Amino acid sequence: MGLGGCIILIAAGAILTFATDWHMQGVNLHLVGVILMIVGLIGVTTFSSIARRRRVVVPPTATVVDDDRHRRDGYSDGYGV
């Protein structure tokens, strides 16, 4: 279940808990809503911790040129002679 599914669970739980006044015999809809919100929050925290571990920062590699022909120190290019 992705992040979107977790957010849908939280929204559905909030709707059942705070926006309904239905009374079903044998089912407490407010408790079901709270359970859905808790499961959604657990899913969001799990998803975010897994997504954070997946991001690996790789430092860029730079090519080092170590060639005496490209050295310009004032003496090897003919101007300091």
Side-chain angles (χ1 to χ4, degrees):
M1 174 172 31
L3 187 62
C6 296
I7 292 173
I8 288 173
L9 280 177
I10 294 171
I15 289 170
L16 284 177
T17 301
F18 302 118
T20 60
D21 59 352
W22 301 332
H23 297 287
M24 295 177 64
Q25 189 173 2
V27 177
N28 187 354
L29 289 178
H30 296 290
L31 181 61
V32 171
V34 170
I35 291 172
L36 286 176
M37 286 190 290
I38 290 171
V39 169
L41 287 173
I42 290 172
V44 166
T45 56
T46 304
F47 181 79
S48 65
S49 68
I50 290 173
R52 189 177 325 138
R53 273 190 259 147
R54 283 188 196 165
R55 295 183 190 145
V56 177
V57 177
V58 179
T61 58
T63 306
V64 177
V65 177
D66 190 21
D67 193 4
D68 288 335
R69 291 181 295 158
H70 298 290
R71 232 171 104 197
R72 295 194 55 131
D73 58 358
Y75 296 104
S76 61
D77 58 357
Y79 291 109
V81 181

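Being a predicted model, the structure only gives us computed values, none of them experimental.
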Quick check on the hydrophobic clustering: are [X] and [Y] connected, directly or via other members, by side-chain heavy-atom contacts under 4.5 Å?
X	Y	answer
L16	I8	no
L36	W22	yes
I15	V32	no

Heavy-atom pair of closest approach, residues L9 and G40: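 Reported closest heavy-atom pair: CB-CA, 4.1 Å.
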Nearest-0.5 Å distance that lies between atom NE2 in H30 and atom CD1 in I35: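 H30 atom NE2 to I35 atom CD1 measures 13.0 Å (nearest 0.5 Å).
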Using the test side chain to side chain contact (heavy atoms under 4.5 Å, CB included), find all partners of [X] that sit at least two apart in sequence or belong to another chain.
X	answer
A14	F18, M37
L41	I10
T45	none

